[in-house]
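The structure appears right after this line, and notes come after that.
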Amino acid sequence: MVSRFAPSPTGRLHLGHGWSAILAHDLAAAAGGRFLLRIEDIDGARSRAEHVAGIGEDLRWLGLDWEGPVFQSQRLALYDAALGRLRAMGLVYRCFCTRAEIAASLSAPHGPQPAYPGTCRRLSAEEAEARAAAPHCWRLDMAAALARAGGDLIWHDAAAGPVRADPAPQGDIVIARKDAPASYHLAATVDDAEQGVTDVVRGVDLFEATHVHRLLQALLDLPTPRYHHHRLILDATGQRLAKRRGSPSLADLRAAGADGATLAEGLRAGRLPTSFSWPNS
Ligand code: GLU
């Protein structure tokens, strides 16, 4: 039994991250398994070394221990190999669109649209090759990928039970960023398999991502872990915790005098510090 906590070092951890880490840690501890830390830092522009150090401080403060970390920025060759396999299968294509171009085409009143309108899917192989030196990401041809995977793709969620993967509404998702041979989806899927993760614990905000990950597992012949999507902690106004909304970080709670071990025990018993709440409670 192997679980993991996989934060992105783009800011300090908040209480929701701490809760996720505690759940993943405790699941492994109860089974006599391993709990891994993985730093998801392929976004070089937003990742910061000081936040990596902060993650270790915060987890120690909560009384957790872990193996690792591994850094995704040091594992790009693994993702590049997976991208190469998807390219060889003809399931990905170069996309040269800017964010502004995509936004402009999506605001056209054509009813419900997939997230990306597929503009670059329609480039010929020669056209795409000719522009290959220009900045581009790689997108999954969702329809072709689903056809290739064939049949029902099932994954198991601890709370929801068996789930049939339905990634189609997400359209041609990004498989590799403009500046790296992977996106979150590809790197996380490859790493969970390569690290032997049997149980993925993460917030229910990533439930939809699992549809995509299940598809990638089928395409790349990777095992499917068990999933545990947990409820999200809310702030005093009932909103999800988020760095951009200025939610207090674990470091803020520590600076205000909180004790990490007491906080962790409280969370395990379903108790939150004041000014936080559970959904529908
Ligand atoms: N790195 C992601 C995040 O911080 C979590 C990825 C995952 O648990 O799969 O939101």
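For ligands, and for the atoms within them, numbers begin at 1 and follow the listed sequence. Worth knowing before you read on, the calculation uses all heavy atoms, side chains too, and leaves out hydrogens, waters and symmetry mates.
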### Task
Please determine if Arg139 forms a cation-pi arrangement with Tyr93, meaning its NZ or CZ atom is less than 6.0 Å from the six-membered ring centre and no more than 45° off the ring axis.
no
### Query
Are Tyr79 and Asp191 close enough that a side-chain donor and a side-chain acceptor fall under 3.5 Å?
yes
### Distance from atom 8 (O) of ligand 1 to nearest protein heavy atom, with residue and atom
Arg4 NH1, 2.8 Å
### Task
Any atoms of ligand 1 less than 4.0 Å from a non-hydrogen atom of Arg202? List them with their elements.
7 (C), 8 (O), 9 (O)
## Note on the structure
of all protein heavy atoms, closest to atom 10 (O) of ligand 1 is Leu206 CD1, 4.3 Å
### Task
For residues Trp155 and Tyr227, establish whether the separation of their ring centroids is below 6.0 Å.
yes
### Query
How close does the nearest protein non-hydrogen atom get to atom 3 (C) of ligand 1, and which residue and atom is it?
Ser8 OG, 3.9 Å
### Message
Pairs of nitrogen or oxygen atoms closer than 3.5 Å, one from Ala6 and one from ligand 1: do any exist?
### Response
yes
#### Entry: Heavy-atom gap His17 to ligand 1 smaller than 4.0 Å
no
### Message
Within the 4.0 Å heavy-atom shell around Glu40, which atoms of ligand 1 are there?
### Response
1 (N), 2 (C), 5 (C), 6 (C)
### Message
Hydrogens and angles aside, do Arg214 and Thr189 bring a side-chain donor and acceptor to less than 3.5 Å of each other?
### Response
no
### Query
Is ligand 1 less than 4.0 angstrom away from at least one heavy atom of Tyr184?
yes
### Query
With side chains defined as the heavy atoms from C-beta onward, is the minimum distance between Thr224 and Ile154 less than 4.5 Å?
no
### Message
Do His229 and Asp157 pair up side chain to side chain, a donor and an acceptor below 3.5 Å, judged on atom types alone?
### Response
yes
